[in-house]
Amino acid sequence: MEYAPRTMLEMCVACLLFLMAVTSGLLLFQTGAALNATAYVSGKSLDRNVQMAFSPIAGDGTISGAEVAQSVAQLETGDAEIVVDGVRYAPPVDRDPFVPAGIRLNARYTAVAQRDASGQLVRLIFALR
């Protein structure tokens, strides 16, 4: 009986330490999950396979130079070639060293599509407006 208060005190401290450990583990798990979600969203926003979503028909019929540069950077084997102000870009284009030096990113371009007899897109020509 003499040790009952001491044993109760030790059990209370043990329970308190256990609750602190569980709470810390839960907070670490939530932080890890939040970081994982942030990394996923960041990686998705940097994905170069995101398709271009310009629609020259919806606007004034022109697209920006940045969209033209993005189109050229996304050329892959089997795609139609792109001509920008007389400069020909044939697929595949290596994305890493690609520098759109001849493309004015702030200018507006009009697009003209050339197709073969079967309707396949052969060439997409962008010209300054």
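Remember, it's a predicted structure, so these values are computed and weren't measured experimentally.
Within a 6.0 Å radius of CZ in R104, other residues, nucleotides and ligands contribute 12 heavy atoms or fewer.
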Considering only distance and modelled atom types, tabulate donor-acceptor pairs under 3.5 Å from the side chains of residues 112-119, sequence neighbours left out.
from	atom 1	to	atom 2	distance (Å)
Q114	OE1	R123	NH1	2.6
R115	NH1	G119	O	3.1
D116	OD1	S118	N	3.2
D116	OD1	S118	OG	3.0
D116	OD1	G119	N	3.1
D116	OD1	Q120	N	2.8
D116	OD2	S118	OG	3.3

I'd like a table of donor-acceptor pairs (distance under 3.5 Å, sequence neighbours excluded) in which one partner is a side-chain atom from residues 4-20, with atom names and distances.
from	atom 1	to	atom 2	distance (Å)
R6	NE	E10	OE2	3.4
T7	OG1	Y3	O	2.8

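Scored by the side chain to side chain contact (heavy atoms under 4.5 Å, CB included) test, A73 finds F98 as partners (sequence neighbours excluded).
What you find for E76 and P91 is that their closest heavy atoms are O-CB, 3.0 Å. Here the shortest heavy-atom pairing between A107 and L128 reads CB-CD2, 3.4 Å.
The CG atom of L105 lies 11.0 Å from the CD atom of E67; values are rounded to the nearest 0.5 Å. We find the CD1-CZ distance between I125 and R88 to be 12.0 Å, quoted to the nearest 0.5 Å. From T23, atom OG1 reaches atom CG of L28 across 11.0 Å, with rounding to the nearest 0.5 Å. Here OG1 of T62 is found 11.5 Å from OH of Y109. Values are rounded to the nearest 0.5 Å.
I82 is listed as a side-chain neighbour of S71, based on a closest heavy-atom distance under 4.5 Å.
In terms of hydrophobic clustering, with Ile, Leu, Val, Met, Phe, Trp and Tyr side chains grouped at heavy-atom distances under 4.5 Å, V87 and I103 are assigned to a common cluster. Note on V68 and L121: separate hydrophobic clusters, where clusters join Ile, Leu, Val, Met, Phe, Trp and Tyr whose side-chain heavy atoms are under 4.5 Å apart, directly or indirectly.
Formation of a donor-acceptor pair under 3.5 Å by the Y89 side chain with backbone atoms of A69 is not found in this model.
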